[in-house]
Every structure is written in structure tokens, then in C-alpha cells.
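Ligands are counted one by one from 1 in listed order, and the atoms in each one are counted from 1 as well.
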Amino acid sequence: MIDLRSDTVTKPTDEMRRAMAQAEVGDDVYGEDPTVNLLEEEAAVWLGKEAALLVPTGTMGNQVAVMTHCLPGDEVFVEAEAHLYWYENGGIARLSLAQPRQIQTADGRLTPELLAAALRPANIHYTTARLVCVENTHNRAGGRVQRKADFDALASFAHAQGLKVHLDGARLANAAVAQGLSLAQAAEGADSVMCCLSKGLCAPVGSVLAGTREYIDRARKGRKLLGGGMRQAGVLAAAGLISIRSLVPRLAEDHRLAKAIAEELAQLPGVVCDPANVETNMVMVDLDRPADPVVRTLAHEGLLCGTAGPRRIRLVTHRDVAGVHAGEVAKAFAAALSQ
Ligand SMILES: *Cc1c(COP(=O)(O)O)cnc(C)c1O
């Protein structure tokens with residue numbers, strides 16, 4: 001089976017399993033897990049912030065981030081297709097009691113102009129505009145990258161308007177590698193940044209949230225509130241340290257495979273797939289027919305993938321399919337589409 005459903009399916013590497021078995025641990029709620037403490041120190045440097053916090057999931061990282069920035073009733077600007085809005089069970093409303101405000105974009109990339117158009121002047125009727133959330137890479141937009149210059153311009157504009165900036169960098173490592181930048185450079189404009197270790201970076205569990213020390217101290221309480229205070233979490237942090245230290249550069253390989261797959265699929269009849277839109281490790285494939293039956297047939301052909309719309313299939317490359325050739329993927333599609 002070739003599993004292209006998501007980069008979350010990556011299994012921990014052998015090196016991770018060894019590190020997990022040998023990890024020095026303690027009770028992290030007491031601040032006594034040396035491996036968690038080390039991960040949090042290294043993650044802060046990695047993301048270019050003063051401090052960082054290990055959280056079990058990206059969703060918890062994002063929700064703690066919003067909660068830590070906002071007061072009840074505050075307005076939170078989100079790109080209309082953002083994970084924070086689409087896939088987190090209404091968390092902004094339920095956990096922060098804040099008001100999400102969607103901003104439509106063409107390709108997932110918020111701009112200062114679009115944000116400016118959504119902002120309203122202070123008025124007795126209006127709630128307080130508090131936060132803008134940016135997603136990089138953008139999941140529903142097919143792994144699109146927001147370039148550093150564009151992110152920096154958006155962040156400066158937001159800051160000038162008195163807003164905070166949260167970066168949902170679940171796949172920030174992909175965005176950084178695609179631009180030849182460090183994650184710290186890619187996150188520079190953000191007040192807070194969340195990055196998943198459990199996707200293309202292969203850790204079994206774990207994400208990190210980073211920001212100023214004062215912010216992370218408050219976020220630590222938010223994590224506890226949500227039930228994310230873990231005990232001997234050093235076994236997880238040990239894997240996460242390997243993600244941070246050694247698994248970022250190889251993402252370039254995932255990007256090359258995604259591009260090659262798109263180039264092959266673009267040749268097939270009944271398929272629209274533009275390789276120019278493949279910026280990282282995702283390929284969006286638009287079909288001339290409903291996607292669900294094609295996904296089922298592809299599974300019989302040995303290829304697992306998911307839908308991203310009624311006629312759209314999403315493929316995600318990752319370390320555990322690194323040996324796959326683009327031609328094999330195209331062959332499975334050709335077979336499925338001829339049935
Ligand atoms: C996966 C993802 C998350 C959430 O991460 P989980 O660990 O699955 O909770 C948040 N944002 C984006 C953009 C994602 O792709």
C-alpha cells in the first residue's frame with residue numbers, strides 16, 4: 001500500500017524509537033522532565049522565540065495560542081479556509097469565547113489589503129479586534145507557501161493596527177525548506193507560532209507552541225486547563241528532538257516527489273493537476289467525476305488518498321513513501337480512472 005492520505009501517517013523512525021526507550025524522564029507538570037525541558041529550549045531557538053511549550057497536538061497548540069491572546073468577545077481574523085476555523089470543532093468560539101471572522105482569499109494567502117478591508121474602526125458597537133491567524137503552509141489551499149516577505153508585510157501591518165499575529169505553522173518546516181529559510185526566519189513576524197512534530201517530521205505525538213516567555217508562561221496554564229499537562233512526556237519529547245535536529249532538510253525530498261507526481265498526473269485524461277501549484281508536499285487533483293468512488297478504486301489499486309472536495313483528491317508525500325516513484329502513482333490513477 002502507498003499511503004498518501006497525510007504526512008501524519010509517518011511512523012517514528014528507528015532512531016526515534018531508540019531515543020524514546022532511553023529517554024530520561026520526570027513529571028513534567030512539576031517541570032521535572034529533563035527531556036521535555038530540553039525539547040522546549042531547543043524548540044524556542046528553532047522557532048526564534050524566547051520560550052516554547054510541548055503540546056500533544058497541533059489543535060491544542062492553536063487553541064491554547066488563541067486563548068492566551070484573547071479575551072472573551074474579541075475578534076479573531078482567520079483566512080476562510082484555515083484549519084483553525086474548519087477543523088477544530090469551533091474551538092475559537094467554544095474555548096476562547098472569541099468571535100472568528102473569516103477573510104476570503106484566492107489561494108489561502110492573507111494580505112495586508114484583505115485584512116485592512118476586514119478591519120473596522122473603534123466604535124461602541126464593535127468588538128475588539130485582537131488577533132490574526134495565518135496558516136503556513138496552507139493545508140486546504142494545497143500546501144501553499146506564504147513567502148517570508150509577504151508574511152512580514154502582513155505581520156507589520158497587523159501590529160501597526162494593534163493586532164497580535166498567530167502563525168499556524170503545522171507545516172512551517174515545509175514552508176521554510178521550500179524557501180531555503182530557517183523556521184526562525186519564517187516565523188519572525190509572529191507573536192506566537194505552533195509547529196507540528198507529528199506530521200512530515202515523523203514524531204509519533206507532539207507539537208510545539210512558541211512565543212515570549214511571559215506568553216508561554218500563560219499558555220502553560222491554558223494547556224493545563226485543556227488537560228494537556230502530561231507527566232513523563234519525555235518519551236515523546238525524545239522523538240521530537242530528533243524531528244527538530246535532523247528531519248527538516250529531508251522534506252525537500254517530499255517536495256520533489258509531490259512535484260513529480262503532479263507532473264505525471266497532469267498528463268492523464270479526466271484530471272486537472274497543475275504542477276506549478278505544488279509548492280511543498282501536497283498535490284491537489286481535480287477530477288471530471290465525483291472523487292469518493294475514485295478514492296475507493298484507488299485503494300484497490302494499492303493507493304490510499306483522501307478527498308479535499310466533491311471532485312478533488314488530495315495526495316500528501318512524506319518520509320514513509322520516499323521510495324515510491326511518481327510513475328507508480330500515475331499508474332494507479334490511470335487504472336482507477338479507466339474503470
Ligand atoms: C494538522 C494541522 C493542525 C492540527 O494538528 P493536529 O496535531 O492534527 O491536531 C493545525 N493546523 C494545520 C494547518 C494542520 O494541517
Side-chain angles (χ1 to χ4, degrees), residues 4-12 39 43 47 52-67 76-92 94-96 100 102 105 107-110 131-146 151 165-178 183 186-187 190 192-210 219 222-223 226-228 230 233 236-237 239-240 243-244 251 254 258 279-284 306-308 314-318:
L4 297 176
R5 287 173 301 169
S6 177
D7 46 10
T8 57
V9 303
T10 43
K11 305 264 168 66
L39 173 78
L47 296 169
L53 179 71
L54 173 66
V55 285
T57 63
T59 301
M60 190 187 286
N62 276 339
Q63 293 302 330
V64 165
V66 174
M67 213 188 237
V76 178
F77 297 93
V78 289
E79 197 280 328
E81 303 280 321
H83 192 286
L84 258 154
Y85 185 83
W86 268 85
Y87 295 126
E88 302 190 12
N89 272 291
I92 294 175
R94 295 170 70 172
L95 301 170
S96 294
Q102 285 178 285
T105 67
D107 57 8
R109 293 185 266 233
L110 273 180
L131 177 67
V132 57
C133 299
V134 177
E135 189 171 314
N136 203 12
T137 65
H138 196 295
N139 188 338
R140 286 182 59 84
R144 290 282 191 155
V145 175
Q146 183 159 43
F151 178 59
V165 178
H166 172 64
L167 177 55
D168 176 354
R171 295 186 181 81
L172 186 66
N174 297 83
V177 165
L183 278 80
S192 56
V193 49
M194 185 284 289
C195 183
C196 292
L197 306 174
S198 57
K199 293 186 171 171
L201 299 179
C202 302
V205 175
S207 295
V208 285
L209 173 67
R223 182 187 70 172
L226 298 186
M230 299 179 285
L236 304 176
S243 300
I244 289 177
L251 294 174
D254 299 344
E279 299 181 6
T280 56
N281 68 332
M282 289 188 194
V283 184
M284 292 298 194
T307 59
R314 187 187 78 159
L315 309 174
V316 187
T317 57
H318 52 80

Can you find a side-chain donor-acceptor pair between [X] and [Y] that sits under 3.5 Å?
X      : Y      : value
Glu88  : Gln63  : yes
His318 : Thr10  : no
Glu81  : His138 : no

Please report whether ligand 1 has a polar contact with [X], defined as an N or O pair separated by less than 3.5 Å (distance criterion only).
X      : answer
Asp168 : yes
Glu135 : no
Glu88  : no
Gly58  : yes
Ser198 : no
Arg171 : yes

Taking only heavy atoms of [X], which atoms of ligand 1 are found under 4.0 Å from at least one of them?
X      : value
Thr57  : 7 (O), 9 (O)
Asn62  : 10 (C), 11 (N)
Thr59  : 4 (C), 5 (O), 6 (P), 9 (O)
Cys196 : 5 (O)

Interatomic distance, Leu167 atom CG to Met194 atom CE [nearest 0.5 angstrom] | 8.5 Å

Does Met60 come within less than 4.0 angstrom of ligand 1, counting non-hydrogen atoms of the residue?
-> no

What heavy-atom pair brings Leu47 and Cys195 nearest, and what distance separates the two atoms?
-> CD2-CB, 4.3 Å

Note: Arg109-Glu279 ion pair, threshold 4.0 Å (strictly below) = yes

Which residue and non-hydrogen atom of the protein lie closest to atom 14 (C) of ligand 1, and at what distance in Å?
-> Lys199 NZ, 2.7 Å

Nearest to atom 10 (C) of ligand 1, what protein heavy atom do you find, and at what distance?
-> His83 ND1, 3.3 Å

Residues two or more places apart in sequence or in another chain: which of them pass side chain to side chain contact (heavy atoms under 4.5 Å, CB included) with Ile244?
-> Leu39, Ala43, Trp46, Leu197

Derivation of the side-chain hydrogen bond (donor to acceptor under 3.5 Å, both in side chains) call for Asp168 and Asn136 = CA-CA 6 Å; Asp168 176 354; Asn136 203 12; over 6 Å; no

Asp7 and its side chain to side chain donor-acceptor pair (under 3.5 Å) partner, picked from Asn174, Asn281, Thr280 | Asn281

